[in-house]
Amino acid sequence: MINPKLEEEFNEQINKELYSEYLYLAMKVYFLEQNLQGFVNWFDVQVQEEHAHAMGLFNYLNERGGKIDLRAIEKPVFKGNSPLEIFEEVLKHEEYVTSRINHLADVAEEVKDRAALQLLDWYIKEQVEEEASVGGVLATLKLIGEDKNALLQLDKDLAARTFVAPVIG
Ligand code: FEO
């Protein structure tokens with residue numbers, strides 16, 4: 001059985017990952033409207049990754065005999081009105097998710113759940129990759145500035161991103 005405090009944190013994190021999926025789906029709508037299909041693809045992949053993150057926690061909690069408690073997903077909100085502003089928000093959001101995962105690991109440590117810590121190690125590494133991937137696009141967007149041709153080239157590059165189902169744990 002899993003410690004109730006950790007069970008609560010897992011349930012909360014399932015919700016946060018599903019919110020991330022929903023947030024990136026909302027951002028995808030922005031890029032659909034801008035007809036930037038490479039960005040649309042980037043967010044499509046991101047949506048699938050977030051779903052996989054949520055399901056990794058869901059499956060693990062179930063495997064450990066925890067009670068899965070699905071909660072309401074908030075309406076996704078973002079203020080950005082340009083690719084640069086949106087990626088700044090994506091990076092902020094990923095930094096927030098990283099802090100949440102670190103918090104989960106702190107709780108797992110507190111209740112001495114070594115098995116959960118092993119799983120959370122995967123999520124900790126994944127967050128390093130998430131922040132690096134988003135930070136890379138953000139850095140390019142800063143270089144691009146107002147150069148429309150460079151933005152279209154980045155859009156082409158982002159079209160190449162593919163989803164590879166992660167092996168979690
Ligand atoms: Fe599931 Fe992007 O963190």
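As the structure is a computational prediction, the values presented were derived from the model and not from experiment. Atoms within a ligand are numbered from 1 in the order they appear, just like the ligands themselves.
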Report summary line: Atoms of type N, O or S from protein under 2.8 Å of atom 2 (Fe) of ligand 1, total 4
Query - Criterion side chain to side chain contact (heavy atoms under 4.5 Å, CB included) against Leu91, the qualifying member of Ile86, Val137, Leu138 - result: Leu138
Query - Taking every non-hydrogen atom, the tightest pair across Tyr123 and His53 - result: OH-O, 2.7 Å
Requested in this report: Would you please indicate yes or no on a ring centroid separation below 6.0 angstrom for Phe87 and Trp42?
Outcome: yes
Query raised in the report: Side chains of Gln127 and Val97: does their closest heavy-atom pair fall under 4.5 Å?
Result: yes
Requested in this report: Using side-chain hydrogen bond (donor to acceptor under 3.5 Å, both in side chains) as the criterion, list what pairs up with Asp106, not counting sequence neighbours.
Outcome: none
Query raised in the report: With a 4.5 Å heavy-atom cut-off, do Arg100 and Glu9 have their side chains touching?
Result: yes
